[in-house]
Amino acid sequence: MMSSYSSQCESCSEDGKSKVALRFCSDCDERLCRECVEYHKKCKATKSHNLIDLASMLRSTIPNVNTLCEFHEDVYLDFYCMQHDTVCCRKCIPSSHQSCKDVLLLEVASEHIKISSAFDDTFREWQNIHKTLEHLRQNFNDNVNELKKSESSICEEVRVWKRNLIKQINTFEEKIKIDLSNDMTRDLDQLKKLNTETSELHDNVKERGQELQFLKEYGSNNQLYLMLTEQGKGVQNVVKRVQEMTLSYKKTRLKFEKTADIDLKSIGSISEVKEAHDIQYSPVKLQQAHVQPERVDTILTFKKAITEQLKLTNKLHISDLAI
Ligand SMILES: [Zn+2]
Ligand SMILES: [Zn+2]
Ligand SMILES: [Zn+2]
Ligand SMILES: [Zn+2]
């Protein structure tokens, strides 16, 4: 990464001059003013250098590419060995690549890198992964929000469930109250009838007893005899009725018969549901691991371009190309 973005021309400031830098040379890792840019473009050694507009550079970051050999201090990685598929410096060649056939200058090896499929595949793969990760992240965030929202909706569901249960129990209670009232009326009516009959009998029996008592004390024997004879017919009916009443009468009581003791273990539980998502990730080209200079591809591209340029028909064919 460049250490700072101060806008002074570094080339001029070495000469003690202060000039506003407009461009950044990524090959020299240096900021340059207008004059130095012109010189840079003319000079044979630097005219192929990449000059970046400083204003646009301030908005993005310049990646830090390691251009120096890790085995030889301060020596640039200027070569590429095809056998070892590795970059190296000039000092590496005698020690490690002496017998290697294809050791190319790095600028030769990298000549078509910007239009190569190696670049294309890798770049597309990064984009592909980037998109997938963004989808995943969005999905995770959505999931977090959905989870948070579900808390209140589940609580509401449980509340509704409870309310319905209570409503049902209330309905049952109302029905039992009506049944109770009906049964009560029926039983009270029955007891009232029995009570009335018993009171009548009671008065009647009391009167008969008083008649006998009176005649025993104040009446003649004849009178008492006649009264007893007359009462004798009726007393059997009363005896029979009282017998019936004492045998058939049962004390009435109402009680609440529960369906069963309601023994609720729980009213439900929370379960975790895992759902499949629709994010798919398939690597663009997994086998593209090495960055080889693409000689064949380059030739074919060139051949195609030439063919198109010349607008050749089937009559004419380019079969050989000399490079
Ligand atoms: Zn300058
Ligand atoms: Zn330069
Ligand atoms: Zn080296
Ligand atoms: Zn080698």
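One-based numbering along the sequence shown. Start at 1 and go down the list; that is how both ligands and their atoms are numbered. Since the structure is predicted, the reported quantities are computational estimates derived from the model, not experimental observations.
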Original post:
Are the charged groups of Lys193 and Asp189 less than 4.0 angstrom apart, N to O?
Top reply: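 The answer is no: the pair does not qualify as a salt bridge.
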Subject >> Side chains of Asp142 and Gln138, donor plus acceptor under 3.5 Å >> reply: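 Yes.
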Original post:
Which N, O or S atom name in His84 marks its closest approach to the Zn ion (ligand 4)?
Top reply: ND1
**OP:** Give the atom name of whichever N/O/S atom in His97 sits closest to the Zn ion (ligand 4).
**Re:** ND1
Subject >> Three-point angle Cys69:SG, the Zn ion (ligand 3), His72:ND1, rounded to the nearest 10° >> reply: 110°
Subject >> Interatomic distance, Leu32 atom CG to Ser11 atom OG [nearest 0.5 angstrom] >> reply: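 The distance works out to 6.5 Å.
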Original post:
Which is it for Ser18 and Ser13 under the side-chain contact (heavy atoms from CB on, under 4.5 Å) test, yes or no, and what are the steps along the way?
Top reply: CA-CA 6 Å; Ser18 169; Ser13 68; over 6 Å; no
